[in-house]
Amino acid sequence: MKIVVSAVLAAGVALAVAGTSYAALDAAAVIKTRQDGMKGQGGALKGLGQGLGSGASAADLKVFSAKLVASSAQVGGWFPKGSGPESGVKTHAKSEIWSDAAGFATARTNFATQAGKLDAAVASGDMDAIKAQFGATRLACKACHDKYKAED
Ligand code: HEC
């Protein structure tokens, strides 16, 4: 009996601790990091597009495609539970990110896949392949925004 009671107590403590860390989430900081990260991705995609338009070499584009690969690996960490509209902090993150976690994960994975292919195309130096994959990557951003990012 004593063991059962302490197990129940232990579970209660674990819950209390989990509740504390949830409440302690600094939503404003998380959202700022996320929006800055997204802006960084926007800058990289734009830089790549401008480079393509102005006849930059594939080698010059590498910095942008590498940045997209690196940040696509971070997107998953930018959306902790509690950093949505319910946080009371201004954000364009829709609550569907958490209620449709599987769909959101698919959108993230798709973006990481397309960014990886873009980086590979840049490494190959094939400008037509880079252009095509630039479009596919942009569509991966848009697909997620269409579903999970609120309009202004
Ligand atoms: C898996 C989903 C997802 C993917 C993929 C994604 N985004 Fe976002 N993006 C969001 C969400 C959600 C927000 C709103 C974030 C917020 O306001 O807290 C956002 C916000 C932004 C913003 C506005 C940031 C600000 O100033 O507040 C920019 C710019 C942006 N994304 C660019 C991009 C680009 C460029 C790509 C692709 C290279 C991309 N995003 C890929 C979900 C995504």
Side-chain angles (χ1 to χ4, degrees), residues 13-152:
V13 169
L15 275 178
V17 169
T20 305
S21 62
Y22 178 79
L25 176 83
D26 186 346
V30 167
I31 291 168
K32 167 128 184 31
T33 300
R34 168 164 84 216
Q35 292 178 338
D36 286 350
M38 285 288 174
K39 272 182 213 155
Q41 297 193 148
L45 194 75
K46 195 170 166 198
L48 208 147
Q50 284 174 344
L52 280 174
S54 64
S57 70
D60 290 338
L61 302 177
K62 185 73 182 161
V63 61
F64 302 119
S65 60
K67 158 100 189 150
L68 287 170
V69 168
S71 78
S72 71
Q74 295 178 335
V75 173
W78 290 345
F79 294 90
K81 242 191 170 130
S83 67
E86 77 282 10
S87 68
V89 181
K90 186 167 168 23
T91 172
H92 291 103
K94 285 192 187 173
S95 57
E96 281 80 356
I97 291 169
W98 296 275
S99 63
D100 176 26
F104 187 69
T106 301
R108 269 198 289 117
T109 310
N110 177 43
F111 169 48
T113 302
Q114 300 307 328
K117 284 188 181 173
L118 177 62
D119 197 45
V122 167
S124 80
D126 178 341
M127 292 317 267
D128 289 337
I130 298 171
K131 278 182 192 150
Q133 194 52 38
F134 170 72
T137 305
R138 198 162 51 180
L139 283 179
C141 309
K142 187 179 178 313
C144 188
H145 289 174
D146 285 351
K147 266 178 115 169
Y148 301 104
K149 179 174 172 280
E151 303 285 323
D152 266 314

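One-based numbering, in listed order, for ligands and for the atoms of each. Each residue takes its place number in the sequence, starting with 1.
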Quiz prompt | Other residues, nucleotides, ligands: >12 heavy atoms within 6.0 Å of Lys117 NZ | solution = no
Quiz prompt | Criterion side chain to side chain contact (heavy atoms under 4.5 Å, CB included) on Asp119 and Gln133, from CA distance to verdict | solution = CA-CA 9 Å; Asp119 197 45; Gln133 194 52 38; over 6 Å; no
Quiz item: To the nearest 0.5 Å, how far apart are CD in Glu86 and OG1 in Thr91?
Solution: 9.0 Å
Quiz item: Numbering the atoms of ligand 1 from 1, which are under 4.0 Å from a heavy atom of Leu68?
Solution: 38 (C)
Quiz prompt | Heavy-atom proximity to atom 24 (C) of ligand 1, best of Gln114, Gln35, Lys149 | solution = Gln35
Quiz item: Which atom names give the shortest non-hydrogen contact between Ala140 and Asn110, and what distance separates them?
Solution: CB-ND2, 3.7 Å
Quiz item: Can you give the angle Met38 SD - atom 8 (Fe) of ligand 1 - His145 NE2, rounded to 10°?
Solution: 180°
Exercise. Report the part of Asn110 in contact with ligand 1, treating N, CA, C, O as backbone and CB onward as side chain, heavy atoms under 4.0 Å; options are side chain, backbone, both, neither.
Key: neither
Quiz prompt | Ser71 side, atom OG; Asp36 side, atom CG - distance, nearest 0.5 Å | solution = 12.5 Å
Practice problem: Just need the protein heavy atom nearest to atom 26 (O) of ligand 1, so name the residue and atom and give the distance. | Solution: Lys39 CE, 2.9 Å
Practice problem: Please report the closest heavy-atom contact between Ala58 and Gly125, naming both atoms and the distance. | Solution: CB-CA, 3.8 Å
Self-check item: Heavy atom of Phe79, distance to ligand 1 below 4.0 Å
Solution: yes
Exercise. Measure His92 to ligand 1 on non-hydrogen atoms and call it side chain, backbone, both or neither using the 4.0 Å cut-off.
Key: both
Quiz prompt | Contacting atoms of ligand 1, where contact means under 4.0 angstrom from a heavy atom of Tyr148 | solution = 12 (C)
Quiz prompt | Closest approach of Phe111 to Cys141 (non-hydrogen atoms, all atoms of both residues) | solution = CE1-SG, 4.4 Å
Exercise. Would you mind listing which atoms of ligand 1 come within a distance below 4.0 Å of any non-hydrogen atom of Ile97?
Key: 12 (C)
Practice problem: Compare every heavy atom of Ala93 with every heavy atom of Phe79, then report the nearest pair and how far apart it is. | Solution: CE2-CB, 4.3 Å
Practice problem: Check whether any N, O or S atom of Cys141, backbone or side chain, sits closer than 2.8 Å to atom 8 (Fe) of ligand 1. | Solution: no
Quiz item: Counting from 1, what ligand 1 atoms have a heavy atom of Phe111 closer than 4.0 Å?
Solution: 5 (C), 37 (C), 38 (C)
Quiz item: Which protein non-hydrogen atom lies closest to atom 35 (C) of ligand 1, naming both residue and atom, and how far is it?
Solution: Gly42 CA, 3.5 Å
Quiz item: Can you find an N/O atom of Thr91 closer than 3.5 Å to an N/O atom of ligand 1?
Solution: yes
Exercise. Would you mind listing which atoms of ligand 1 come within a distance below 4.0 Å of any non-hydrogen atom of Arg108?
Key: 1 (C)
Self-check item: side chain to side chain contact (heavy atoms under 4.5 Å, CB included) evaluation trace for Ile130 with Leu48
Solution: CA-CA 10 Å; Ile130 298 171; Leu48 208 147; 4.3 Å; yes
Practice problem: Start with the C-alpha distance between Ser57 and Asp60, add both sets of side-chain angles, then the distance that settles side chain to side chain donor-acceptor pair (under 3.5 Å), and finish with yes or no. | Solution: CA-CA 5 Å; Ser57 70; Asp60 290 338; 3.3 Å; yes
Quiz item: Which protein heavy atom lies closest to atom 15 (C) of ligand 1, and at what distance to 0.1 Å?
Solution: Arg34 NE, 3.8 Å
Quiz prompt | Nearest non-hydrogen protein atom, atom 4 (C) of ligand 1 | solution = Cys144 CB, 3.4 Å
Self-check item: From Gln41 atom CD to Met38 atom CE, the distance as rounded to the nearest 0.5 Å
Solution: 5.0 Å
Quiz item: Under a heavy-atom criterion of less than 4.0 Å, does Thr137 contact ligand 1?
Solution: no
Quiz item: Is Gln41 close enough to atom 8 (Fe) of ligand 1 to have an N, O or S atom under 2.8 Å?
Solution: no
